[in-house]
Amino acid sequence: MTQHHKIDYVELPAADLSATKRFYSSVFGWKFTEYGEGYSAFSSAGLLGGFYQSEQTSSSEQGAALVVIYSDDLATTQAQIEAAGGRICRPLFEFPGGRRFHFKDPCGNELAVWSDQ
């Protein structure tokens with residue numbers, strides 16, 4: 001249900017929508033719906049969103065917002081990311097309340113995975 005003044009949707013660029021969909025489907029189990037040639041919406045991610053066709057990337061180094069995903073098992077999630085073609089760009093580190101690492105998807109977008117486990 002859409003709620004007033006709550007974050008409702010997030011969009012990220014993707015140079016290769018097919019590779020992006022394969023990556024997020026295989027690692028995180030996200031589902032996709034096509035909306036034309038240059039856009040694919042995702043669901044089953046905890047927040048709705050989409051990927052749009054673009055050569056740009058989302059990176060915290062460039063000042064972009066960082067999307068952070070929760071995991072019960074960081075080691076397994078990291079292995080799945082690497083096996084699916086993602087790469088770790090900031091190794092596992094601790095912070096007050098948990099641990100996390102950052103990764104880049106096959107198109108170069110930076111996201112993070114954290115756990116309190």
Side-chain angles (χ1 to χ4, degrees):
M1 171 185 226
T2 304
Q3 297 179 4
H4 183 65
H5 288 177
K6 303 296 182 207
I7 295 173
D8 185 60
Y9 203 84
V10 63
E11 293 185 328
L12 296 165
D16 185 337
L17 288 172
S18 295
T20 298
K21 291 186 299 183
R22 279 192 307 274
F23 177 80
Y24 287 98
S25 293
S26 70
V27 176
F28 300 108
W30 295 4
K31 308 293 183 213
F32 288 89
T33 303
E34 303 304 312
Y35 290 101
E37 289 182 34
Y39 194 87
S40 188
F42 60 78
S43 59
S44 301
L47 176 73
L48 296 176
F51 288 96
Y52 58 92
Q53 188 75 47
S54 175
E55 294 300 319
Q56 298 293 316
T57 60
S58 180
S59 170
S60 63
E61 292 175 349
Q62 299 169 346
L66 180 65
V67 175
V68 183
I69 300 165
Y70 181 80
S71 173
D72 288 330
D73 184 344
L74 288 174
T76 298
T77 301
Q78 181 173 334
Q80 291 171 322
I81 287 168
E82 293 172 320
R87 69 176 181 82
I88 305 308
C89 61
R90 186 167 179 195
L92 187 64
F93 64 95
E94 293 187 18
F95 63 92
R99 301 174 302 139
R100 79 180 196 198
F101 64 88
H102 295 206
F103 71 92
K104 293 204 176 187
D105 70 17
C107 289
N109 292 310
E110 178 187 2
L111 287 85
V113 180
W114 86 282
S115 184
D116 56 359
Q117 309 285 316

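All figures in this text were calculated on a predicted structure; none of them were measured in a lab.
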J.: Does Pro13 reach the side chain of Phe51, with side-chain heavy atoms less than 4.5 Å apart?
T.: no
J.: Pro91 and Phe101: which non-hydrogen atoms are nearest, and at how many Å?
T.: C-CB, 3.9 Å
J.: Angle between ring planes, Trp114 versus Tyr70, binned at 30° and 60°: parallel, tilted or perpendicular?
T.: perpendicular
J.: State whether the side chain of Ser60 and the backbone N or O of Leu66 hold a donor-acceptor pair below 3.5 Å, judged by distance alone.
T.: no
J.: Between Tyr9 (side chain only) and Gly49 (backbone N and O only), is there a donor and an acceptor less than 3.5 Å apart?
T.: yes
J.: When you measure from the side chain of Ser71 to the backbone N and O of Thr77, does any donor-acceptor pair fall under 3.5 Å?
T.: no
J.: Counting only pairs under 3.5 Å, give me each side-chain donor-acceptor contact of residues 93-100, with atom names and distances, residues two or more places apart or in other chains.
T.:
| from | atom 1 | to | atom 2 | distance (Å) |
| --- | --- | --- | --- | --- |
| Arg99 | NH2 | Gln117 | O | 3.4 |
| Arg100 | NE | His102 | NE2 | 3.0 |
| Arg100 | NH2 | His102 | NE2 | 3.2 |

J.: Using modelled atom types and a 3.5 Å cut-off, is there a donor and acceptor pairing between side-chain atoms of Asn109 and backbone atoms of Ala14?
T.: no
J.: Set out, in order, the CA-CA distance, both residues' side-chain angles and the distance that settles side chain to side chain contact (heavy atoms under 4.5 Å, CB included) for Phe42 and Val10, then state yes or no.
T.: CA-CA 10 Å; Phe42 60 78; Val10 63; 3.9 Å; yes
J.: Mind checking the OG-CG spacing from Ser54 to Leu12? Nearest 0.5 Å is all I need.
T.: 10.5 Å
J.: Is there a side-chain contact between Leu74 and Val113 in this structure, where contact means two heavy atoms from C-beta onward sitting under 4.5 Å apart?
T.: yes
J.: If you round to the nearest 0.5 Å, how far is CG of Asp105 from CZ of Arg22?
T.: 12.0 Å
J.: Are Leu48 and Phe28 connected in a single hydrophobic cluster, I mean Ile/Leu/Val/Met/Phe/Trp/Tyr linked by side-chain heavy atoms less than 4.5 Å apart?
T.: no
J.: Excluding sequence neighbours, so at least two apart, what forms side chain to side chain contact (heavy atoms under 4.5 Å, CB included) with Glu55?
T.: Ala15
J.: Does the ring centre of Phe32 sit less than 6.0 Å away from the ring centre of Tyr24?
T.: no
J.: Within a radius of less than 6.0 Å around CD of Gln62, do more than 12 heavy atoms belonging to other residues, nucleotides or ligands occur?
T.: yes
J.: Would you check if the side chain of Glu34 reaches a backbone N or O of Ser40 as a donor-acceptor pair within less than 3.5 Å?
T.: no
J.: Is any side-chain heavy atom of Phe23 closer than 4.5 Å to one of Pro106?
T.: yes
J.: Under the side chain to side chain contact (heavy atoms under 4.5 Å, CB included) criterion, do Leu111 and Ile69 qualify, and how do the steps go?
T.: CA-CA 8 Å; Leu111 287 85; Ile69 300 165; 4.0 Å; yes
J.: Please output the side-chain donor-acceptor pairs of residues 78-90 that fall under 3.5 Å, not counting sequence neighbours, one pair per line with the distance.
T.:
none

J.: Transitively linked via ILVMFWY side-chain contacts under 4.5 Å: Val27 with Trp30?
T.: yes
J.: From Cys107 SG over to Gln53 CD, what is the distance, rounded to the nearest 0.5 angstrom?
T.: 8.0 Å
